[in-house]
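In this text the structure is predicted, and so the values were computed from the model without any measurement. Residue numbers start from 1 in every chain, and the chains themselves are labelled A, B, ... in the order their sequence lines are given, proteins ahead of strands.
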2 protein chains.
Amino acid sequence: MGSLTEENYIKSIYALSEATGEVYVSELAKKLDVKLPSVNSMVKRLATKKLVAYAPYKGIKLTEKGKKEALAIIRKHRLAELFLVKVMGLGWEEVHDIAEQLEHVNSSRFYERIDELLNRPKFDPHGEPIPDSNGKIYNQQRTSLIDLEEGLTATITAVTEDEKSFLDHLNAKGLQIGDSVTIMKREMFDGSITLQHKSKKEILLTHQVAERIWVEVTVTRS
Amino acid sequence: MGSLTEENYIKSIYALSEATGEVYVSELAKKLDVKLPSVNSMVKRLATKKLVAYAPYKGIKLTEKGKKEALAIIRKHRLAELFLVKVMGLGWEEVHDIAEQLEHVNSSRFYERIDELLNRPKFDPHGEPIPDSNGKIYNQQRTSLIDLEEGLTATITAVTEDEKSFLDHLNAKGLQIGDSVTIMKREMFDGSITLQHKSKKEILLTHQVAERIWVEVTVTRS
DNA sequence: ATAATATGTTAGATGACTCTAATATTTTAA
DNA sequence: TTAAAATATTAGAGTCATCTAACATATTAT
Ligand SMILES: [Mn+2]
Ligand SMILES: [Mn+2]
Ligand SMILES: [Mn+2]
Ligand SMILES: [Mn+2]
């Protein structure tokens, strides 16, 4: 295991490569909120340790070893989040920041026990898959709310955003993982969407919010 | 809050001052397993931050501010240990090392929740008192097993040693916090002690082990 | 093909924390 | 009261992780 800083670099490289394919030094700098030369020297160090392969202007790629480390950290992060919600009774909007710290705890006993208590869970409180202890990740097929036709009914499976303000927003709207929603109206003008919710209420979501909500279609046009 | 390193210095200074009164740079170096000059410069830094008062050859003293920080860390450590035992089902011999990491987690929510779940506990799994959120600590009067006369019966209230090997040793002997024991024999020659235990077994403890076990006398000589 | 833009590097410095080697001061004991 | 022992300090250097300022290279758009 590397230092805390190293772990955060590895994790960010993994996240960016999932999101955008190529990972540039400059992108990483923005994500980690450090300056370019800092990233430049750290990437060199990671390359020396065979955690990444780096070709200037071509991007940074995690090696197998690096990927394995990233997945181990993500596993710990997501197990921690679920534990905080299920066992400790915290809200899904307040666990990410704590998990950012707990993911660096070095104790197989601790995480083995969490995994056991939660009965080898497959998803975190935000619907993100939890890699198993070998780093294997179950990748669901994902459809965003913004891609659904009017009239369709779907179940919310995940949200791709950990930020408290976003989750507070969903809480205020009364939306949760597992909720069933029907698309009532898609606005051409601003991309906003009106949903019919199990609570019987109609909910309006902006494009910006809807695109971060992932669903599985359960009922096709009636 | 200071850095992780700073927190560990503060905690060690507190522990040493409880144990031996005066805390010398040299003692601290031994405890933290770093060299003298490292401690020397860190102590200067802590003094600049008004966390300690330092007079060479006279010892290091925590200021009120430093004491408060130490107690906050100790509180987190002990809450974590108890949580790991009571909620997560780990053994008292394996929680210290994990708590050494969890004590640095910065989240009042996390610790507030642990405190609540455990119902504002007063003692950790080793019988050590847990400071309250104001840093107030309930200091029990302590009698060591080695100070009991033959024939007395007492209850084990605490052990002053977190090391796994020591606690493994007690586990092997079948001794736990709360157990009632009667002093059968005190050996003059080597200071060892023979106990009658609730399990009906006789248990022999060396002086080295017995002196780390604290008790409350429940039955005086019959 | 040149200019503009995106992307990356080098040099040199800083702060936190650590080390070794050499030296200094204070306390205590003979 | 001098020597020995305990305690502490300074000087100088190294690693990790960061920064600013200046410069360099590659990609792309005109
Ligand atoms: Mn998260
Ligand atoms: Mn999550
Ligand atoms: Mn402990
Ligand atoms: Mn303890």
Side-chain angles (χ1 to χ4, degrees), chain A residues 1-17 19-62 66 69-70 73 100-101 103-104 106, chain B residues 1-13 15-17 19-62 65-66 69-70 73 100-101 103-104 106:
Chain A
M1 266 208 338
S3 66
L4 189 149
T5 312
E6 223 177 88
E7 292 193 350
N8 284 333
Y9 271 83
I10 293 291
K11 194 170 52 124
S12 290
I13 294 168
Y14 183 93
L16 286 175
S17 70
T20 68
E22 300 305 323
V23 182
Y24 297 108
V25 171
S26 47
E27 263 185 289
L28 194 47
K30 199 188 290 176
K31 171 122 180 165
L32 290 166
D33 196 27
V34 293
K35 303 300 177 182
L36 271 175
S38 307
V39 174
N40 188 260
S41 55
M42 179 55 101
V43 167
K44 281 180 189 168
R45 234 179 293 159
L46 295 175
T48 307
K49 294 190 174 188
K50 307 280 186 198
L51 290 163
V52 306
Y54 177 49
Y57 307 95
K58 302 288 166 173
I60 306 160
K61 281 203 166 51
L62 288 175
E69 223 194 87
I73 302 165
E100 286 287 315
Q101 300 180 62
E103 75 191 5
H104 302 290
N106 176 15
Chain B
M1 268 210 338
S3 67
L4 189 149
T5 312
E6 220 178 271
E7 291 193 351
N8 284 332
Y9 271 83
I10 293 290
K11 193 171 52 125
S12 290
I13 293 167
L16 286 175
S17 71
T20 68
E22 300 305 323
V23 182
Y24 298 107
V25 172
S26 48
E27 263 186 289
L28 193 47
K30 199 189 289 176
K31 170 122 179 165
L32 290 165
D33 197 27
V34 293
K35 304 299 177 183
L36 270 176
S38 307
V39 174
N40 188 258
S41 55
M42 178 56 102
V43 166
K44 282 181 190 167
R45 271 207 296 273
L46 294 176
T48 306
K49 294 190 173 188
K50 308 278 187 199
L51 290 163
V52 305
Y54 177 49
Y57 308 95
K58 303 288 167 173
I60 306 159
K61 281 203 165 51
L62 289 174
K65 186 179 165 199
E69 224 195 86
I73 302 166
E100 286 287 315
Q101 299 180 63
E103 74 191 6
H104 303 290
N106 176 15

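- Residue B:S3 is classed as a sugar-phosphate contact, given heavy-atom separations below 4.0 Å to backbone atoms only.
- Between A:K49 atom NZ and D:dA17 atom C1' the separation is 12 Å, expressed in whole Å.
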Show each protein N/O and nucleotides 10-14 of chain D N/O combination with a separation under 3.5 Å, one pair to a line.
unit_1 : atom_1 : unit_2 : atom_2 : d
D:dT10 : OP2    : B:K44  : NZ     : 2.7

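- A:T5 comes within contact range of the sugar-phosphate backbone alone, with a heavy-atom separation under 4.0 Å but no base atom that close.
- Between A:R45 and D:dA17 there is a side-chain N or O to OP1 or OP2 distance below 4.0 Å.
- In this structure, A:E6 atom CD and D:dT18 atom P are separated by 11 Å, rounded to whole Å.
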Solution key, residues 41-50 of chain B side-chain donor-acceptor pairs under 3.5 Å, sequence neighbours excluded:
unit_1 : atom_1 : unit_2 : atom_2 : d
B:S41  : OG     : B:P37  : O      : 3.2
B:S41  : OG     : B:S38  : O      : 3.2
B:T48  : OG1    : B:K44  : O      : 2.9
B:K49  : NZ     : B:E6   : OE1    : 2.7

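- The interatomic distance linking B:L4 (CG) with D:dA17 (P) rounds to 14 Å, in whole Å.
- Qualifying side-chain hydrogen bond (donor to acceptor under 3.5 Å, both in side chains) partners for B:E69, counting only residues two or more places apart in sequence or in other chains: none.
- Remark: A:Q101 engages no residue in a side-chain hydrogen bond (donor to acceptor under 3.5 Å, both in side chains) (not counting sequence neighbours).
- Remark: A:E103 pairs with A:K11, A:H77 by the side-chain hydrogen bond (donor to acceptor under 3.5 Å, both in side chains) rule, at least two apart or across chains.
- Once rounded to the nearest 0.5 Å, the distance linking CG of A:N8 with CD1 of A:I73 reads 7.5 Å.
- Contact annotation: B:S38 reaches the phosphate of C:dC19 (side-chain N/O to OP1 or OP2, under 4.0 Å).
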Contacts table for residues 19-31 of chain A: side-chain donor-acceptor under 3.5 angstrom, sequence neighbours left out:
unit_1 : atom_1 : unit_2 : atom_2 : d
A:T20  : OG1    : A:L16  : O      : 3.0
A:T20  : OG1    : A:E22  : O      : 3.1
A:T20  : OG1    : A:E27  : OE2    : 3.3
A:E27  : OE1    : A:Y24  : N      : 3.1

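- Rounded to whole Å, the distance from CG on B:N8 to P on C:dT18 is 9 Å.
- As rounded to whole Å, 12 Å separates atom P of D:dC16 from atom CG of A:L46.
- An OP1 or OP2 oxygen of C:dA16 is reached within less than 4.0 angstrom by no side-chain nitrogen or oxygen of B:Y9.
- Across every non-hydrogen atom of B:I10 and B:G66, the tightest pair is CG2-O, 3.6 Å.
- Proximity of residues 51-59 of chain B to DNA chain C (heavy atom under 4.0 angstrom from any strand atom) is restricted to B:Y57, B:K58.
- Listed in residue order, the members of residues 21-31 of chain A having a heavy atom less than 4.0 Å from DNA chain D come to none.
- With rounding to whole Å, B:M1 atom CE is found 15 Å from C:dA16 atom P.
- Summarising the geometry, the separation between CG on A:L32 and C1' on D:dA17 is reported as 12 Å, rounded to the nearest angstrom.
- Whole-Å rounding puts the A:M42 CE to C:dG8 P distance at 17 Å.
- By the 4.5 Å heavy-atom criterion applied to side chains, A:Y9 and A:V34 are counted as neighbours.
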